Amino acid sequence: MLDQIHLLAAVTVLGVLEQAYFFLQVIYARRAFGISPPKTSGPPEFERIFRAQVNSSEYFPIFLAILWQAGLFFHQGLAAALGVIYLCARYCYFTGYKTSSAERLAPIYFSSGVLWILIAASVLGILHFFLSHYVGLNILRLLTA
């Protein structure tokens with residue numbers, strides 16, 4: 001069983017570490033700009049870092065859910081590779097947003113595209129499972145025949 005999920009688990013840990021890095025960046029920014037919690041407003045430099053972290057946190061559960069679904073129902077290797085690409089795009093989003101709000105756009109669009117690919121892989125994998133398990137229709141055999 002573990003050989004079927006080890007890549008997904010590794011990408012999950014990388015994602016958690018990335019989230020921790022983003023959280024730390026907000027803490028450092030709070031200290032640098034003298035903004036104590038619960039305040040979330042301040043200089044634009046702080047607000048961009050804060051928003052980048054919050055936005056990344058909002059998308060993280062979606063990413064994890066579809067990463068695991070795509071990996072379990074479609075293909076672990078493909079899902080893990082897309083997961084690493086997504087995390088890289090999220091890092092580019094975060095660092096771009098730190099610089100200026102315009103620098104966040106290309107990475108956020110790219111990472112959203114990766115999420116859609118993971119969603120498609122999840123849907124196809126789950127559909128294949130339901131059709132083969134409950135209907136007895138194996139689409140993969142039909143396509144290769």
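We're numbering straight along the sequence, starting at 1. This one's a predicted model, so the numbers in the text were calculated from it and none came from an experiment.
- Between F23 atom CZ and Q53 atom CD the span is 5.0 Å, to the nearest 0.5 Å.
- Within 6.0 Å of atom OH in Y109, 12 or fewer heavy atoms from other residues, nucleotides or ligands are found, so the atom counts as exposed in its surroundings.
- Distance check, rounded to the nearest 0.5 Å: CG of L127 to CG of L137 gives 9.0 Å.
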Can you check side-chain hydrogen bond (donor to acceptor under 3.5 Å, both in side chains) on Q19 and S57, steps first, answer last? CA-CA 7 Å; Q19 289 297 307; S57 294; 3.2 Å; yes
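- Of all heavy-atom pairs spanning Y93 and A52, the tightest one is CE2-O, 3.8 Å.
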Please tabulate, for the side chains in residues 74-88, all donor-acceptor contacts under 3.5 angstrom to protein atoms that are two or more places apart in sequence or on a different chain.
from, atom 1, to, atom 2, distance (Å)
H75, ND1, G77, N, 3.1
H75, ND1, L78, N, 3.0
Q76, OE1, I5, N, 3.4
Q76, OE1, H6, N, 3.0
Q76, OE1, L7, N, 2.7
Q76, NE2, D3, O, 3.2
Q76, NE2, Q4, O, 3.3
Y86, OH, R90, NE, 3.3

Enumerate donor-acceptor pairs with a distance under 3.5 Å from any side-chain N or O in residues 111-124 to protein atoms, sequence neighbours excluded.
from, atom 1, to, atom 2, distance (Å)
S111, OG, P107, O, 3.2
S111, OG, I108, O, 3.1
S112, OG, I108, O, 2.9
S122, OG, I66, O, 3.3
S122, OG, A70, N, 3.2
S122, OG, L118, O, 2.9

Does the pair F60 and S56 meet the rule for a side-chain contact (heavy atoms from CB on, under 4.5 Å), with working shown? CA-CA 6 Å; F60 194 61; S56 295; over 6 Å; no
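- For the pairing with F22, the ring-ring contact (aromatic ring centres under 6.0 Å, His included) check across Y59, F50, F94 returns one residue only, F94.
- In this view, T99 and E103 satisfy the side chain to side chain contact (heavy atoms under 4.5 Å, CB included) rule, not counting sequence neighbours.
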Expected list for residues 9-17: side-chain donor-acceptor pairs under 3.5 angstrom, two or more places apart:
from, atom 1, to, atom 2, distance (Å)
T12, OG1, L8, O, 2.8
T12, OG1, W68, NE1, 2.8

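- Put simply, the side chain of Y91 reaches to within 4.5 Å of the side chain of E18, judged on heavy atoms.
- Residues satisfying the side chain to side chain contact (heavy atoms under 4.5 Å, CB included) test with F130, not counting sequence neighbours, are I126, Y134.
- Contacts classified as side-chain hydrogen bond (donor to acceptor under 3.5 Å, both in side chains) and involving residues 25-48 (residues at least two apart or in different chains) are given here: Q25-K98.
- I62 and L67 are not part of a single hydrophobic cluster, where members link through side-chain heavy atoms under 4.5 Å apart.
- There is a path of hydrophobic side-chain contacts, each under 4.5 Å, that joins I49 to Y21.
- One hydrophobic cluster holds both V54 and F46 under the rule that ILVMFWY side chains link at heavy-atom gaps under 4.5 Å.
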